Amino acid sequence: MSEQHRQDKIEEKTLRISVTDTLTPDLPAAEGFDHAQIEIDSLRVVLIPREGFEGGMERDYLTLHNLLPGESYSAISSAGDGFMAVMAVPTPLVEWATRHFGDRVSYTSPLLRAAQDSPEGVFIVFGLGTAYITVRNKGLLYAEVFACDGVADALYHLDRLETAYGISRLTISVSGINASATATSMAKHYRKVRTVCE
């Protein structure tokens, strides 16, 4: 069996789901899967540089940023290239994943993916009522999640980033929910806007 075929077989048995941080998310059947990768679309996430991250302090990191809404959420960390994402995950979701997959579950955030995978320039991933944005110019300058109900919210945030980083000279890459329509609207305000397929 070739290495590529073996990799495909492993991926076929991985359940990949994306959920918002509601306390009672709709979850698919777990039967037939060996692993789960759960992406949390939430405002309750913060990036910590790996060299400054201390395991076991996840609740403290979230509390420091006023992102832990209470005992009904668990503080989970996920490793990325150079960063750790620390996020508040609904405890019922953690319990479901543990019951079905044990330690064969991983959590991630669009913010962590954006920080790792973003090209030079501005990169925005739109979620359900959220937007994850990074600014890169010879390294990561900015990474944040914000509440976003449409183009007006995104443009307001981009205007603030223009003041801080002069982003109008950079390419703005747009991905996620309604990326094409959003990019078209943004192109009326910024010269270099493109859609990136995920």
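Note that the structure is predicted; figures quoted are calculated from it, not measured. Residues: numbered from 1 along the sequence shown.
Taken together through direct or relayed side-chain contacts under 4.5 Å among Ile, Leu, Val, Met, Phe, Trp and Tyr, Val125 and Phe83 form part of one hydrophobic cluster. In this structure, Leu158 is not a member of the same hydrophobic cluster as Val145, with clusters built from ILVMFWY side-chain heavy atoms closer than 4.5 Å. Criterion: ILVMFWY side-chain heavy atoms under 4.5 Å apart, direct or through other members. Under it, Val135 and Leu155 are part of a common hydrophobic cluster. Val193 and Val196 are not part of a single hydrophobic cluster, where members link through side-chain heavy atoms under 4.5 Å apart.
Ion pairing between Arg16 and Glu39 fails under the 4.0 Å rule for side-chain N and carboxylate O.
Ser18 and Asp41 are not linked by any side-chain donor-acceptor pair at a separation below 3.5 angstrom, with hydrogens and angles left out of the test. Side-chain N/O atoms of Ser72 and Thr91 include no donor and acceptor closer than 3.5 Å.
Within the 4.5 Å cutoff, side-chain heavy atoms of Ile133 are placed close to those of Val122. Side-chain contact between Ile124 and Phe126 is present, with at least one heavy-atom pair separated by less than 4.5 Å. Side-chain atoms of Val45 and Leu67, non-hydrogen and from C-beta on, never get closer than 4.5 Å to each other. The shortest distance between side-chain heavy atoms of Tyr107 and Val89 falls below 4.5 Å. You'll find the side chain of Phe101 reaches within 4.5 Å of the side chain of Phe33, heavy atoms only. With a 4.5 Å cut-off on side-chain heavy atoms, Met186 and Thr182 count as touching. Between Ile172 and Val174, the closest side-chain pair of non-hydrogen atoms falls below 4.5 Å. Contact annotation: the side chain of Arg169 approaches that of Asn137 to within less than 4.5 Å [non-hydrogen atoms, C-beta and beyond].
Within 6.0 Å of atom CG in Asn178, 12 or fewer heavy atoms from other residues, nucleotides or ligands are found, so the atom counts as exposed in its surroundings. Shown here is Arg99, whose CZ atom has more than 12 heavy atoms of other residues, nucleotides or ligands within 6.0 Å.
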Next item on the list: For Ile76 and Glu58, run side chain to side chain contact (heavy atoms under 4.5 Å, CB included): C-alpha distance rounded to whole Å, both residues' side-chain angles, the deciding distance at 0.1 Å, then the answer.
Entry: CA-CA 6 Å; Ile76 302 288; Glu58 288 86 350; over 6 Å; no
Margin query: Glu71 vs Arg59, test: salt bridge (charged side-chain N to carboxylate O under 4.0 Å, His left out). Steps then yes/no.
Written below: CA-CA 10 Å; Glu71 294 302 317; Arg59 287 192 83 78; 3.5 Å; yes
Item checked: Verdict with reasoning, Tyr132 to Thr130, per side chain to side chain contact (heavy atoms under 4.5 Å, CB included) -> CA-CA 7 Å; Tyr132 303 83; Thr130 55; 3.4 Å; yes
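In this structure, the separation between CD1 on Ile38 and OG on Ser109 is 13.5 Å, given to the nearest 0.5 Å. In this structure, NZ on Lys192 lies 8.5 Å from OG on Ser168, to the nearest 0.5 angstrom. Taking OG1 of Thr134 as the reference point, atom CD of Gln116 lies at 11.0 Å (rounded to 0.5 Å). Within the model, atoms CG of Leu161 and CG of Leu170 stand 10.0 Å from one another, a figure rounded to the nearest 0.5 Å. To the nearest 0.5 Å, atom OH of residue Tyr165 and atom CG of residue Leu141 are 6.0 Å apart. The distance from the CG atom of Leu111 to the CZ atom of Phe146 is 11.0 Å, given to the nearest 0.5 Å.
Met87 pairs in a side-chain contact (heavy atoms from CB on, under 4.5 Å) with only one of the listed residues (Ser42, Ser77, Ser78), which is Ser78. Of the listed residues (Leu112, Ile17, Leu93), just one forms a side-chain contact (heavy atoms from CB on, under 4.5 Å) with Ile40, and that residue is Leu93.
Checked against a 6.0 Å centroid threshold, the rings of Tyr61 and Phe53 count as neighbours.
A donor-acceptor contact shorter than 3.5 Å links the side chain of Arg50 to the backbone of Gly80. The closest donor-acceptor contact from the side chain of Gln37 to the backbone of Thr14 lies at 3.5 Å or more, if one exists at all.
Closest non-hydrogen pair, Ser180 versus Thr195, comes out as CA-OG1, 3.8 Å. Among all heavy-atom pairs drawn from His100 and Arg104, the shortest one is O-NH2, 3.9 Å.
Ring geometry, His157 versus Tyr142: the interplanar angle falls from 30° to 60°, so the pair is classed tilted.
Taking the ring centre of Tyr73 as origin, the terminal cationic atom of Arg44 falls inside the region bounded by 6.0 Å and 45° from the ring axis.
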